[in-house]
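Notes follow the structure.
Here the structure is a predicted model, which means the values were calculated and not measured.
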Amino acid sequence: TTGIVLSCLGAMMDVAVVISSTIEEISRDNKSIEFTSAYRNGLNVGQRILTTMINTLVFAYLGILLPTLLASGIFGLDWLYLLNYDYLGLEILRLCAGLLGLSLTIPITSALSAWWCCENA
């Protein structure tokens, strides 16, 4: 389970830094920004980068399985065997954990950054 958590932390950190930096820049330019406006701006940025991060996770986890997929094609393994392959299930579980982590990172980071920037404005 530790490997699953660690595998998606990089993407979550990237998203959190982009959202918090955006909210900080917006609040720096507009000192009278309210929490709801800053929070909404953070959510908008998060929505726009979510699909890119999902694609990154999908390609990263499929890249790990690429040798297995190539070997199954070369040696003519049955696709049902490949679907029951342990590592395929593990990569799908890592992808789901990454998606859940990203989905939770966006609103939490937006709320914390908006609160921090509005309190310290």
Side-chain angles (χ1 to χ4, degrees):
T1 58
T2 306
I4 293 172
V5 172
L6 288 176
S7 66
C8 63
L9 280 180
M12 292 168 52
M13 286 188 316
D14 289 344
V15 169
V17 167
V18 169
I19 291 172
S20 60
S21 297
T22 303
I23 291 175
E24 182 184 11
E25 288 296 320
I26 291 171
S27 67
R28 188 179 296 161
D29 290 341
N30 183 4
K31 299 287 186 194
S32 63
I33 193 167
E34 296 179 1
F35 172 81
T36 55
S37 179
Y39 178 71
R40 196 172 333 107
N41 287 326
L43 288 180
N44 287 338
V45 170
Q47 286 177 341
R48 286 183 173 83
I49 62 174
L50 182 62
T51 53
T52 304
M53 296 309 290
I54 289 172
N55 288 336
T56 301
L57 289 176
V58 167
F59 287 130
Y61 295 141
L62 285 179
I64 292 172
L65 288 175
L66 189 60
T68 304
L69 295 173
L70 290 173
S72 68
I74 292 171
F75 296 118
L77 296 178
D78 187 24
W79 284 102
L80 290 176
Y81 172 78
L82 185 63
L83 289 177
N84 289 323
Y85 192 56
D86 290 340
Y87 292 113
L88 181 66
L90 182 62
E91 297 308 319
I92 291 172
L93 183 62
R94 285 183 180 170
L95 179 63
C96 291
L99 296 177
L100 179 65
L102 288 173
S103 299
L104 293 175
T105 299
I106 292 170
I108 291 171
T109 303
S110 297
L112 290 174
S113 298
W115 173 78
W116 179 263
C117 289
C118 290
E119 286 292 319
N120 294 325

Gap between atom [atom2] of [Y] and atom [atom1] of [X] - 0.5 Å precision:
| X | Y | atom1 | atom2 | value |
| --- | --- | --- | --- | --- |
| Lys31 | Cys118 | NZ | SG | 11.5 Å |
| Ile54 | Leu102 | CD1 | CG | 6.5 Å |
| Thr105 | Ile19 | OG1 | CD1 | 8.0 Å |
| Phe35 | Ile23 | CZ | CD1 | 8.5 Å |
| Thr36 | Asn41 | OG1 | CG | 9.5 Å |
| Ile26 | Ser37 | CD1 | OG | 7.5 Å |

Taking salt bridge (charged side-chain N to carboxylate O under 4.0 Å, His left out) as the test, write out the residues that go with Arg28, two or more places apart.
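If we apply the salt bridge (charged side-chain N to carboxylate O under 4.0 Å, His left out) test to Arg28, skipping adjacent residues, the hits are Glu24, Glu25.
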Using only heavy-atom distances, determine whether the side chains of Ser27 and Asp29 contain a donor-acceptor pair under 3.5 Å.
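Side chains of Ser27 and Asp29: no pair found under 3.5 Å.
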Is there a side chain to side chain contact (heavy atoms under 4.5 Å, CB included) between Met53 and Leu57? Walk through the geometry before answering.
CA-CA 6 Å; Met53 296 309 290; Leu57 289 176; 5.7 Å; no
May I have the step-by-step check of side chain to side chain contact (heavy atoms under 4.5 Å, CB included) for Val15 and Thr109, ending in yes or no?
CA-CA 9 Å; Val15 169; Thr109 303; over 6 Å; no
What is the minimum heavy-atom distance between Ser110 and Gly42, and which atoms define it?
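Closest approach of Ser110 to Gly42: OG-C, 3.2 Å.
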Cluster question for you: counting only ILVMFWY and a side-chain heavy-atom cut-off of under 4.5 Å, with indirect links fine, are [X] and [Y] together?
| X | Y | value |
| --- | --- | --- |
| Ile49 | Ile108 | no |
| Val58 | Leu50 | yes |
| Leu99 | Val45 | yes |

